[in-house]
2 protein chains.
Amino acid sequence: MAGSERADAARNRAAILAAAADLFDRDGAEQVSMNDIARAAGVGKGTLFRRFGDRTALIEAVLYPRVAAMLTLVEQGPPPLGPGGEPVAALHAYLDSLLDFVWTNRTLIRALEHHGPYAYYANPSSQYWISELARRLNAVRPGENTDYLTHVLFTALRADVIDYLVSGRRMDPDRVRAGLHRLAGS
Amino acid sequence: MAGSERADAARNRAAILAAAADLFDRDGAEQVSMNDIARAAGVGKGTLFRRFGDRTALIEAVLYPRVAAMLTLVEQGPPPLGPGGEPVAALHAYLDSLLDFVWTNRTLIRALEHHGPYAYYANPSSQYWISELARRLNAVRPGENTDYLTHVLFTALRADVIDYLVSGRRMDPDRVRAGLHRLAGS
DNA sequence: CTACGATACGGACCGGCGGTCCACATCGGC
DNA sequence: GCCGATGTGGACCGCCGGTCCGTATCGTAG
């Protein structure tokens, strides 16, 4: 059957994704080598690269379902996060969700951030989060130039930044949240 | 002579620093291996590690004189950047200087940013820049809690962020500058 | 049930990295 | 000119991400 996946291949793909997710979440993505993942999945290294191409793609594949879940909430969920809500509430709900998402998946996202020059920003998901952020900011501040503010807010939502503030500086996550909302304006 | 450096050792140290600075500035620090530097300096790899310990320390050593120069201006130069100026002007002069410093040395600073979890923030220079920023912010906004704002501003001054905005997004550096000043408040 | 091409497998292998080690060379005070 | 302290350089180490290819497995056509 053309375009379809052999049964053993599908089994291995699932095993690799599960093993990678486990190891990444437990040890931090930067500490886990491709060999580690292959061994944990009970699979040869070649299989792993054949399925996913390279390390970055594997990380993105692990992250993908979590991105998709959040995307669904943003695009089709109930207000204020979903469409149809009042602009100020929509903006704040969006910031909260992003903050939560980044915090929960910080080890994976950090690994993407620290790969290549603009690799993280070039990621399609990032592009989407940024443009959606710009949209919601503009709805709250029509006419204003929110370009720079958009990027500052997005940068303040980087995993390494949040992680540094919360884990390194022991800043209360609610303080971070409040700071973000304050920057975004009422 | 105890504590002193043999003549050949001093010569090699200078050669290594010069070669490293050249290569880093020309090719971007992330592209340059320790072997490259050793070869360019006409020195064995062992010598390079004996002098500087590891890659991070070498990068810091290359950056050090530039940091020291800026430090002198901040601590002993004429107002508004140096001490004695009016608080608002002092803050804005400081932001401008930091922006300029980061942009000029972006390849070196990026290399530090992408090393270990909090390596960049743990760097003594960073600690100083941050605390000085907090001081000047507080002088302008007495009584307010400027903790989070301080870190957001400092993050907005990361080399990878500025580089992404200016080189990647083609944002006018003056726009970045204006945005920073706006965030810092009048 | 068999035969057979397409597909997938796994681990030896590759080049290059940061970092270490140590037999040997050089330096410089006496 | 002697000789211990200091410095040197490149072979070497373990590990990384990524590739290659002889072999095993799959699933279909007959």
Side-chain angles (χ1 to χ4, degrees), chain A residues 1-20 23-24 27-62 107-108 110-117 119-120, chain B residues 1-20 23-24 27-62 107-108 110-117 119-120:
Chain A
M1 203 180 289
S4 183
E5 205 174 38
R6 245 168 62 172
D8 52 348
R11 219 181 312 124
N12 281 335
R13 146 172 284 128
I16 291 168
L17 281 174
L23 289 179
F24 285 156
D27 300 335
E30 333 228 21
Q31 305 304 318
V32 180
S33 75
M34 296 301 264
N35 257 320
D36 294 338
I37 296 168
R39 207 176 311 120
V43 135
K45 216 205 302 197
T47 302
L48 195 156
F49 280 95
R50 155 175 277 263
R51 289 284 142 242
F52 296 98
D54 63 16
R55 182 181 166 81
T56 300
L58 173 57
I59 295 174
E60 286 174 346
V62 171
T107 59
L108 286 179
R110 287 188 62 125
L112 292 179
E113 285 169 356
H114 288 269
H115 221 275
Y120 174 55
Chain B
M1 203 180 288
S4 183
E5 205 174 39
R6 244 168 62 172
D8 52 346
R11 221 180 312 122
N12 281 335
R13 149 171 282 129
I16 291 168
L17 282 174
L23 290 179
F24 285 157
D27 300 337
E30 333 226 23
Q31 304 305 317
V32 180
S33 77
M34 297 301 264
N35 256 321
D36 293 338
I37 296 168
R39 208 175 311 122
V43 135
K45 216 207 301 199
T47 302
L48 193 155
F49 279 96
R50 156 176 273 265
R51 288 287 139 234
F52 296 99
D54 64 14
R55 181 180 166 82
T56 300
L58 174 57
I59 295 174
E60 286 173 347
V62 171
T107 59
L108 286 179
R110 286 187 63 125
L112 292 180
E113 286 169 356
H114 288 268
H115 220 272
Y120 175 55

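Throughout, a chain's letter reflects where its sequence line sits, starting with A, and its residues are numbered from 1.
Taking atom CG on B:N12 and atom C1' on C:dT26, their separation rounds to 11 Å, with Å as the unit. In this structure, B:L48 atom CG and C:dC21 atom P are separated by 17 Å, rounded to whole Å. As a whole-Å value, the separation of A:E30 CD from D:dC15 C1' is 17 Å. Between the P atom of D:dT19 and the CG atom of A:N35 lies a distance of 14 Å, rounded to the nearest Å. Atom NZ in A:K45 sits roughly 9 Å away from atom C1' in C:dC13 (whole-Å rounding). The distance between atom CZ of A:F49 and atom P of C:dC13, rounded to the nearest whole Å, is 18 Å. Nucleotide C:dG18 holds its P atom 16 Å from the NE2 atom of B:H114, rounded to whole Å. Between the P atom of C:dC17 and the CG atom of B:D54 lies a distance of 17 Å, rounded to the nearest Å.
For the pair B:R6 and D:dT6, the criterion of a side-chain N or O lying under 4.0 Å from OP1 or OP2 is not met. A:R39 has no side-chain polar atom (N or O) that falls below the 4.0 Å cut-off from OP1 or OP2 of C:dG10. A sub-4.0 Å separation between OP1 or OP2 of D:dG9 and a side-chain N or O of B:T47 is present.
Of the two residues contacting DNA chain D, namely A:Q31 and A:G53, the nearest-nucleotide position lying further toward the 5' end is that of A:Q31. Comparing B:A7 and A:A10 by the nucleotide of DNA chain C that holds the closest heavy atom to each, the one mapping nearer the 5' end is A:A10. Along DNA chain C, the nucleotide nearest B:D36 and the nucleotide nearest B:D8 are compared for position; the residue whose nucleotide lies closer to the 5' end is B:D36.
Checked against B:I37 for a side chain to side chain contact (heavy atoms under 4.5 Å, CB included), the options B:V43, B:L48, B:V62 give a single hit: B:L48.
Counting all heavy atoms, side chain and backbone alike, A:A111 lies closest to A:E30 at N-OE2, 4.4 Å.
Of the candidate nucleotides C:dG19, D:dG17, D:dG9, D:dG17 has the atom lying nearest to any side-chain atom of A:M34. With D:dT19, C:dG10, D:dT8 as the candidates, the nucleotide lying closest to the side chain of B:R51 is D:dT8.
When atom types are taken as modelled, the side chain of A:D36 and the backbone of A:S33 share a donor-acceptor pair closer than 3.5 angstrom.
B:R50 contributes no side-chain N or O that forms a donor-acceptor pair with the base of D:dT8 under 3.5 Å.
Note that CG of B:L58 is 12.5 Å distant from CZ of B:R51, once rounded to the nearest 0.5 Å. Distance check: A:F49 CZ to A:R55 CZ gives 9.0 Å after rounding to the nearest 0.5 Å.
Counting non-hydrogen atoms under 4.0 angstrom, A:A38 reaches nothing in the nucleic acid.
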